[in-house]
Amino acid sequence: LQGIWSAFSSPDGCFHLGQWRSSRGAWRVRYTEIEYCHLLQGRVRLSPDEGPSQVFETGDSFMINKGFSGTWEVLEDCLKWYAIYEPKA
């Protein structure tokens with residue numbers, strides 16, 4: 001189960017700020033954007049296709065760069081603030 005609350009989107013549609021929540025689960029992701037995350041609760045694991053995985057928990061902040069490809073896994077139900085930037089092509 002996932003939910004998004006959008007707090008702000010820029011008029012050009014390139015920048016978004018809000019909260020995302022999710023129950024446990026895992027899925028494949030491929031980022032075309034840059035995302036800053038601040039985990040308000042829970043625990044997640046990011047596992048790139050190549051390289052070691054990283055675990056983040058309540059209070060952690062982290063960046064996901066454009067081009068990241070791998071698995072996003074929610075280990076404990078989570079809530080995060082996100083800021084996403086994706087310039088138009």
Side-chain angles (χ1 to χ4, degrees):
L1 183 62
Q2 296 181 30
I4 294 176
W5 172 72
S6 180
F8 173 80
S9 288
S10 63
D12 64 3
C14 293
F15 180 76
H16 307 279
L17 176 67
Q19 287 187 349
W20 176 81
R21 70 172 53 248
S22 178
S23 56
R24 295 174 191 206
W27 51 94
R28 296 271 315 146
V29 294
R30 170 167 271 155
Y31 274 69
T32 58
E33 69 275 16
I34 299 166
E35 181 178 8
Y36 167 80
C37 303
H38 178 74
L39 207 55
L40 297 168
Q41 73 180 53
R43 202 160 63 100
V44 301
R45 177 176 22 240
L46 292 178
S47 301
D49 290 337
E50 297 181 16
S53 63
Q54 292 182 279
V55 174
F56 302 98
E57 48 194 39
T58 302
D60 288 345
S61 296
F62 55 97
M63 296 285 296
I64 303 170
N65 287 317
K66 177 181 178 177
F68 175 87
S69 181
T71 304
W72 176 285
E73 184 178 4
V74 175
L75 303 170
E76 295 174 8
D77 292 3
C78 73
L79 173 65
K80 71 174 182 178
W81 274 109
Y82 65 83
I84 293 173
Y85 177 67
E86 183 170 20
K88 294 184 178 182

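For clarity, every value in this text was computed on a predicted model and none was experimentally measured.
- The cluster map of Ile, Leu, Val, Met, Phe, Trp and Tyr, joined by side-chain heavy atoms under 4.5 Å apart, puts Ile4 and Val44 in the same cluster.
- Annotation: the span from Cys14 atom SG to Ile34 atom CD1 amounts to 11.0 Å, rounded to 0.5 Å.
- Residues Pro48 and Gly51 approach most closely at CG-O, 3.8 Å, considering heavy atoms.
- Leu40 and Ile64 are not part of a single hydrophobic cluster, where members link through side-chain heavy atoms under 4.5 Å apart.
- Judged as a salt bridge (Lys or Arg N to Asp or Glu O under 4.0 Å), the pairs with a partner in residues 19-30 (not counting sequence neighbours) are, in order, Arg28-Asp49.
- Applying the salt bridge (Lys or Arg N to Asp or Glu O under 4.0 Å) test to every pair with at least one member in residues 53-73, sequence neighbours left out, gives these pairs: Arg45-Glu73.
- Residues Ser47 and Ser53 share a closest heavy-atom pair of OG-CB, 3.2 Å.
- The shortest non-hydrogen separation linking Tyr31 to Asn65 is CB-O, 3.8 Å.
- Residues passing the ring pair (Phe, Tyr, Trp, His ring centres under 6.0 Å) test with Phe68, sequence neighbours excluded: none.
- In the hydrophobic clustering (ILVMFWY side chains linked at under 4.5 Å, chained through shared members), Leu75 is joined by Val55.
- Taking all atoms of both residues into account, the shortest heavy-atom contact from Tyr82 to Ser6 is OH-CA, 4.1 Å.
- The OG atom of Ser22 lies 7.5 Å from the CG atom of Leu1; values are rounded to the nearest 0.5 Å.
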Evaluation steps, side chain to side chain contact (heavy atoms under 4.5 Å, CB included), between Tyr36 and Leu17: CA-CA 10 Å; Tyr36 167 80; Leu17 176 67; over 6 Å; no
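- The CH2 atom of Trp81 sits 13.0 Å away from the SG atom of Cys37 when rounded to the nearest 0.5 Å.
- Environment of CD in Glu50: sparse, with no more than 12 heavy atoms of neighbouring residues, nucleotides or ligands closer than 6.0 Å.
- In this pair, Trp72 and Phe62 present their aromatic rings tilted. The plane angle is within the 30 to 60° band.
- With sequence neighbours excluded, no residue forms a side chain to side chain donor-acceptor pair (under 3.5 Å) with Glu33.
- Applying the salt bridge (Lys or Arg N to Asp or Glu O under 4.0 Å) definition to pairs two or more places apart or across chains, those involving residues 76-89 are Glu35-Lys80, Arg43-Glu76.
- Using a 4.5 Å heavy-atom cutoff, the side chains of Trp20 and Leu79 are not in contact.
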